Structure formats: C-alpha cells, structure tokens
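First up is the structure itself, then whatever we jot down about it.
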Amino acid sequence: MADDKALTPRDDDFSAWYNEVVQRAELADHSPVRGSMVIRPWGYGIWERMQRALDDMFKATGHENAYFPLLIPMSFIEREKEHVEGFKPELAVVTHAGGKELEEPLVIRPTSETIIYSMYAKWVQSYRDLPVLMNQWANVMRWELRTRLFLRTSEFLWQEGHTAHATDAEAQEETLRMLDVYRTFMEEWIAMPVVTGLKSDSEKFAGAVRTYTCEAMMQDRRALQAGTSHNLGQNFSKQFGLTFQSEEGREEYAWNTSWGVSTRLVGGMVMTHGDDTGIVVPPRLAPAQVVVVPIYRKEEEREGVVAKAHLLRDQLVDRGVRVRVDDRDHLNPGAKFYEWERKGVPFRLEIGPRDLAKEQVVLVKRVTTEGEDRKAFLPEGQAVAELPDRLEAFQSQLLDVARARRETHSHRGVESLDELKEILDGPGGFVYTGWSGDPAVEERVKDETKATLRCIPDPDFRSEKAPTRCIGGGESKMEVMWAKAY
RNA sequence: CGGGGCGUGGCGCAGUUCGGUAGCGCGCCUGCUUUGGGAGCAGGAGGUCCCCGGUUCGAAUCCGGGCGCCCCGACCA
C-alpha cells in the first residue's frame with residue numbers, strides 16, 4: 001500500500017490486492033494475536049446477512065439452533081481415530097485454569113462433533129427421538145501456520161449442523177440436501193457459482209465416511225472450498241454410544257451428518273466480485289445497498305439537498321431497500337464516492353442543486369458490463385420505484401459474470417498429465433480429467449502440479465462426454481476436477 | 001517448521017551506512033474558504049524510536065540477547 005489511494009491491481013499481485021482491499025474496505029483487521037482477526041462492522045454486517053439467509057434456510061429444512069460449549073475434554077477428541085489424527089496438529093489446548101494445572105486438558109473446539117454426539121447419546125433412546133436436526137452458530141479454533149484474513153485464521157466464525165438419523169439412507173439424503181442448500185445460498189446470495197461434488201478419501205473430513213464440497217473459482221482461478229457436508233456414517237455414534245432402539249426392538253447406532261460454512265465465505269465474496277477499485281458486495285448481502293450522497297456548494301443549498309437525501313432514503317426504505325445517507329460535511333463528494341466504491345455498495349444516488357431543480361437524481365452503478373452506462377439521470381420517482389428491481393438485476397448480473405468467468409477457465413476433456421500441467425502453470429482454472437480412483441495417481445498429480453483433486457463433480461457439473469482415460473494412464477472410472485486451491 | 005522483510009506520533013515511511021536537538025506524507029484538532037470524482041490556506045496537538053542488557057560524554061543509529069508482526073514455500077473451513 002505504498003500509495004494511500006489506489007489499490008495494487010489484481011493483475012499485478014492478486015494476493016497483495018486481497019490483503020489491501022480487505023483492510024481498506026474496512027472488512028477486517030489483524031488482531032494483536034497472530035493469525036486472528038477483528039471483523040469490523042462492514043464485514044460483520046455482510047456476515048450477518050449471510051447468517052440470516054442461511055439460518056432461514058436451515059429452519060426451512062427443519063433444523064433448530066442450539067449451543068454447545070467452547071471447551072471439549074481432550075479425551076473426546078481422541079475417541080475417533082481419524083478425527084484425532086486430522087485435528088491434533090492444530091489444536092489449542094487449555095492446560096491451566098483457576099491457577100492450577102487441569103487434570104485433563106481441555107481443547108478449544110476445532111469443530112464440535114465429539115461433544116455434540118456425546119450429548120445426543122444422552123438424549124436419544126428410541127427411533128422416535130430421531131432424526132435430531134440441530135445447528136449451532138459458533139466460533140472455532142484451529143491453530144494454522146499460515147493465515148489470511150477470512151480465508152484462514154486461527155479463530156473463525158461458522159455454523160455447524162449436526163444431525164442423527166435412523167438409517168444410512170436418511171443420513172445420506174440429509175448430507176446431499178444441505179449441500180444443495182449451500183449451493184443455492186452461494187449462488188443466490190453471494191452470486192458465487194460453485195461446483196459441487198464428492199471429496200476423494202485424501203481430502204475428506206477427518207472422521208467422515210463421505211465429504212461433499214462446494215468449490216468456487218476465485219478471480220485468480222484458484223479454487224476455494226466454500227462449504228462442506230459430511231456423511232459421518234456411524235463413526236461417531238459408535239465412539240460415543242449414540243444408540244437407539246429401532247422399531248423392531250434392536251439396539252442400533254445412529255447415522256450422523258455434519259455440515260458447515262464459515263466466515264471464509266466473506267473472503268470468497270471478495271475474491272469473486274472485487275475489482276481494482278475495491279470490493280463489490282452483492283445487493284442481497286450489502287449492509288447498505290444504496291448510498292445517498294448530497295452535493296452542495298453553499299450553505300443555502302445544503303439544507304435542501306440534505307433534506308431531499310433523507311426523503312429519498314425514507315422512500316427507498318419503504319420499498320425494502322437498505323440505504324445510507326452520507327451527509328458528512330468534512331468530506332467532499334469525490335472522497336465519499338471513492339470510499340463507498342471501495343466498500344462495494346451496489347448503487348450510489350447523487351443529489352445536488354441541479355438535480356433538485358429538475359427533480360431528478362443521478363444513479364451510479366458500482367459495476368457495469370460492456371456497453372452499459374454507469375450513470376443514469378432519472379426522475380426521482382422513477383429512481384425510487386426502479387431501485388428494487390435494479391438491485392435484483394445487479395445481483396443476477398454478478399452471478400452471470402462470475403459463472404461466465406468460471407466457464408471460460410474450465411478445461412474439460414484433458415487426458416494427459418502434460419496438458420494438465422500446462423494449463424495449471426499457464427492460465428490456471430478448473431481442469432476436468434478421468435481418474436481410476438487410485439490414490440497413488442492423485443498423489444502423483446499433486447506432487448507434479450501443485451494442484452489438488454478438488455472433487456468428483458456431481459452430475460450437474462460433469463462433462464457431456466465422460467472421460468475414458470485416467471489422468472495417470474489406464475482406464476478412467478470417474479471424472480474429477482483439479483485446481484490449485486486456497 | 002524453513003526462507004525473506006519489517007518493528008520510529010493513529011496509518012504509511014525516511015533517518016541507521018559514518019553515533020551528536022526525532023523528521024516527512026496522510027490522518028487528527030481549531031478557524032476561514034471550499035464541496036458534481038480523493039479540497040485549499042493558516043494555526044495546533046500528538047513520540048518509552050518493539051523490549052532488555054552492553055559500548056560511549058552521548059545510541060533510533062554500534063554490539064549481544066529476546067519478543068512481535070507481515071510476506072513466500074510443506075498441512076487445513
């Protein structure tokens with residue numbers, strides 16, 4: 001940030017651009033503790049919008065919120081073998097409290113499967129108690145070596161859904177249902193298209209039978225794992241004695257699922273829509289969808305335009321639009337324009353003496369496509385009446401652009417490792433190939449290309465023509481998608 | 001955990017080579033003039049120079065030790 005005005009352009013250094021834009025849009029800042037962040041009101045406002053939308057969707061699919069504690073007995077984490085192996089390296093552990101060393105160390109939750117299923121074990125006796133469909137909004141901690149605001153911090157905010165079912169089939173259905181909820185949310189709210197699919201064994205959640213993922217393409221063409229949904233099978237129920245008596249009177253282990261998305265989604269939004277001016281917030285997530293900037297020269301003019309600005313705000317609020325009036329007197333309009341553009345507000349309404357006289361406003365759109373006017377001079381009434389629709393159009397335009405970009409950088413039908421390497425070292429993007437299912441092949445591709453197997457795509461995302469050749473040679477059993485990832 | 005960079009008013013930095021009154025830009029405060037793309041002028045406030053120790057008449061600067069943060073590579077939502 002040598003210059004205190006312009007951002008590093010994305011093409012010069014995407015990573016530097018990201019770091020700058022997150023801070024200069026006042027989304028978040030580094031806290032004094034390494035790897036942890038402060039989420040500032042503008043960033044938290046976006047997260048709150050995400051939370052509300054997701055929460056509604058969880059409720060609509062029959063889930064209830066609950067809260068489980070931050071501290072988990074170390075022995076709980078150690079119960080499930082894969083789980084402990086996956087999380088041990090990144091655990092933060094409380095060893096002392098009340099001035100004494102604890103008999104058993106307490107882990108600050110990296111995720112809550114263990115504590116939750118141990119409690120479900122107490123609450124579930126009969127098939128009549130199933131399914132259990134809960135979600136919690138919480139903070140979790142994973143001690144990361146390398147951190148970046150929103151994308152990877154030691155502490156982050158998320159939701160984790162945890163369910164228990166009587167049958168495997170029901171658990172699988174739930175796993176896919178929630179994956180679909182995520183996909184819908186990401187597309188309709190963040191305007192961030194995703195590829196959904198199954199994780200390979202090496203990439204799946206520690207303790208899951210199957211992990212499904214939503215993979216989004218960022219503007220630097222790297223993949224961001226934006227959300228995951230796990231079919232946990234009976235792995236945890238067996239370790240925590242989560243059993244129930246079936247209709248037939250047999251004691252059986254319950255089938256579990258868990259699914260989560262985190263504040264990482266804010267980072268995904270930034271890297272999907274941001275430009276060299278700043279971030280772009282999709283209207284449905286924007287804490288302010290419209291900012292009204294009054295413009296005046298003389299004190300006599302001020303009163304009129306500021307009053308009009310507030311009037312316009314009230315009319316827009318009546319139509320369900322979130323509006324801010326920026327009537328700060330110590331900044332000139334240009335400074336305000338830059339600030340709100342940096343913060344990604346979808347529309348700006350300028351109202352000055354000339355507009356007042358003509359009963360019009362100047363409506364400025366944060367991003368435009370080829371041939372589209374950035375500014376519109378509209379009669380007041382028309383601007384107010386049209387803004388709800390214009391916001392929706394803006395929202396879907398963002399999705400269209402992001403989707404088109406992803407398609408441009410998706411490479412299908414790749415058959416050789418050389419070609420795969422060439423794409424990943426060059427333009428980058430999502431590369432679709434065949435795979436035998438052999439972990440050794442996956443490992444080799446990983447070593448040679450620095451890319452990972454992001455997922456085995458769901459039918460919606462598979463190529464028209466199924467690959468016949470495995471990327472490692474021999475016959476393909478399934479199509480897979482590779483990319484360099486965050 | 002390896003490599004690199006950096007710790008100096010709120011922020012960004014210069015000053016460190018070669019020790020000698022702690023500076024610049026932005027921001028902040030007051031006033032006036034401004035305000036349709038990052039305002040101008042005038043006045044002003046604000047500092048344990050990351051910490052500890054050493055050398056010296058004198059240390060931001062030299063020496064030793066520590067701490068912290070950021071960035072780049074192996075693990076992860």
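Remember, predicted model here, so these are calculated numbers, not experimental data. Residue numbering restarts at 1 for every chain, and letters A, B, ... go by the order of the sequence lines. Basis for what follows: all heavy atoms, side chains included, without hydrogens, waters or symmetry-related copies.
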Just how far, in rounded Å, is [atom2] of [N] from [atom1] of [X]?
| X | N | atom1 | atom2 | value |
| --- | --- | --- | --- | --- |
| Trp340(A) | rG38(B) | CH2 | C1' | 15 Å |
| Gln23(A) | rC69(B) | CD | P | 15 Å |
| Leu331(A) | rC26(B) | CG | C1' | 14 Å |

In this structure, CD1 of Ile108(A) is separated from CD1 of Ile72(A) (nearest 0.5 Å) by 10.5 Å

The reported gap from CD in Glu443(A) to OG in Ser200(A) (rounded to nearest 0.5 angstrom) is 10.0 Å

Given the side-chain rings of [X] and [Y], with only the six-membered ring counted for Trp, is the space between their centroids under 6.0 Å?
| X | Y | result |
| --- | --- | --- |
| Phe236(A) | His83(A) | yes |
| Phe461(A) | Phe430(A) | no |
| Phe58(A) | Trp259(A) | yes |
| Tyr117(A) | Tyr120(A) | yes |

Heavy-atom contacts, protein to nucleotides 70-77 of chain B, under 4.0 Å, summarised as B (base), S (sugar-phosphate only) or - (none) per nt, yield SSSSB-BB

Pairing partner (Watson-Crick or G-U wobble, both distances under 3.5 angstrom) of [N]:
| N | answer |
| --- | --- |
| rG43(B) | rC29(B) |
| rC75(B) | none |
| rU56(B) | none |
| rC69(B) | rG5(B) |

Could you tell me how far [M] sits from [N] if I compare only their [atom1] atoms? Round to whole Å.
| N | M | atom1 | answer |
| --- | --- | --- | --- |
| rC75(B) | rG68(B) | C1' | 24 Å |
| rG53(B) | rA59(B) | C1' | 13 Å |
| rU61(B) | rG4(B) | C1' | 23 Å |
| rA45(B) | rC70(B) | C1' | 31 Å |
| rU16(B) | rG2(B) | C1' | 29 Å |
| rU34(B) | rC50(B) | C1' | 42 Å |
| rU48(B) | rA60(B) | P | 13 Å |
| rG25(B) | rG46(B) | C1' | 16 Å |

Note: contacts of residues 291-302 of chain A with RNA chain B (heavy atom, under 4.0 Å) are Ile295(A), Tyr296(A), Arg297(A)

So the salt bridge (Lys or Arg N to Asp or Glu O under 4.0 Å) pairs with at least one residue in residues 84-94 of chain A (sequence neighbours excluded) are Glu78(A)-Lys88(A)

**Q.** Within 6.0 angstrom of Arg328(A) CZ, more than 12 heavy atoms from elsewhere
**A.** yes

Quick one about His162(A) and Ser258(A) (side-chain donor to acceptor, distance below 3.5 Å, no hydrogens or angles considered), yes or no?
no

Taking for Glu341(A) and for His330(A) the nucleotide of RNA chain B with the nearest heavy atom, the one nearer the 5' end belongs to His330(A)

Arg264(A) NZ/CZ over Trp47(A) ring centroid, <6.0 Å and within 45° of normal: no

